[in-house]
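All residue numbers in this chain count up from 1 along the given sequence.
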Amino acid sequence: MNPKRIQILLHNPQGFTGLVGEKLSAAGHQLSICCPLHGESLPELDSYDAAAVFGGKMSVNDCDTVLPALHEEIRWIRRSVEAGKPYLGICLGGQLLARAFGGTVTRHHKHYVEIGYYNLYPTLEGFEDIFANAPEKFFQWHNEGFTIPEHAVKLAASDLYPNQAFRLGERAYGFQFHPEATPEQIQYWHQRDPEELAGPGAQTVRAQIRDIDTYTPAISAWLDDFLAHWLQDPKDHS
């Protein structure tokens with residue numbers, strides 16, 4: 001695979017790229033990091049080959065109230081995807097992709113959250129595309145979910161949130177779950193946001209720490225395969 005210029009968008013200057021950043025760097029790709037909500041300019045289309053947009057504590061719906069700068073990020077995501085560039089949106093990044101193409105983002109109707117390791121159920125299309133060798137569970141940390149945009153392909157669901165992954169076209173993916181989360185990230189989130197662990201549906205810290213050792217190796221191996229698939233040259237797609 002030829003090295004790619006990967007544009008990373010974070011929503012906090014101290015944000016993490018986690019396993020995704022580690023693996024992309026190790027594969028020889030060039031990563032550029034931008035935090036547009038803190039005044040940095042969004043890059044021009046010709047300056048990158050693929051984009052990865054990570055999570056954040058804000059809501060997509062804040063673009064209508066306290067964070068209007070998110071509107072420009074949503075427009076940038078749409079332009080990037082329409083230009084045919086590979087796109088990976090994780091948690092908030094997946095919700096932004098959904099919103100950019102007409103989807104909605106809302107709380108669970110009973111206000112359930114997913115914080116911990118939860119079963120993921122691939123659709124037939126998801127199994128054939130990216131989840132054939134996926135682990136049973138992935139790490140989650142969110143209190144909102146997205147609807148699938150028109151013309152997108154639903155790839156996975158969970159018990160509490162019916163939409164966990166989708167694909168737009170051949171190269172744009174939106175994930176609700178956190179495949180990038182390292183053990184250090186997870187423990188940092190526990191310390192930073194302990195109040196969120198009281199939400200209905202959240203798993204105990206003890207259960208999460210136990211599952212870190214169980215699922216991290218399998219998630220890491222799956223992520224290797226996914227990133228290679230995501231960035232392969234179009235002529236190599238079967």
Quiz item: Do His142 and Tyr161 have ring centres separated by under 6.0 Å?
Solution: yes

Quiz item: Hey, is the main chain of Val105 close enough, under 3.5 Å, to the side chain of Asn61 for a donor-acceptor pair?
Solution: yes

Quiz item: Are any of the side-chain nitrogens in Glu73 or Arg78 under 4.0 Å away from the carboxylate oxygens of its partner?
Solution: no

Quiz item: Does the side chain of Leu120 come within less than 4.5 Å of Gln140's, by heavy atoms?
Solution: yes

Practice problem: Indicate yes or no for a side-chain donor-acceptor contact from Thr182 to the backbone of Leu19 under 3.5 Å, with no hydrogens or angles considered. | Solution: no

Quiz item: Does the ring centre of Phe175 sit less than 6.0 Å away from the ring centre of Trp230?
Solution: no

Exercise. Could you tell me whether the side chains of Asp159 and Tyr112 share a donor-acceptor contact shorter than 3.5 Å?
Key: no

Quiz item: Taking all non-hydrogen atoms of both residues, which atom of Gln208 and which atom of Tyr117 are closest, and how far apart?
Solution: O-CE1, 3.7 Å

Quiz item: Do the ring planes of Phe177 and Phe131 sit parallel (below 30°), tilted (30 to 60°) or perpendicular (above 60°)?
Solution: tilted

Quiz item: Does the side chain of Thr17 pick up a donor-acceptor pair with the side chain of Glu180 at under 3.5 Å?
Solution: no

Quiz item: Are the aromatic rings of Trp189 and His178 close, with centres under 6.0 Å apart?
Solution: yes

Self-check item: Residues Asp49 and Lys85 bridged, charged N to O under 4.0 Å
Solution: no

Quiz item: Only one of Phe54, Tyr188, Trp141 clears ring-ring contact (aromatic ring centres under 6.0 Å, His included) with Phe16; which?
Solution: Tyr188

Practice problem: Answer yes if the ring centres of Phe166 and Phe146 are under 6.0 angstrom apart, and no otherwise. | Solution: yes

Quiz item: Any Lys/Arg nitrogen of Arg75 or Glu72 sitting under 4.0 Å from an Asp/Glu carboxylate oxygen of the other?
Solution: yes

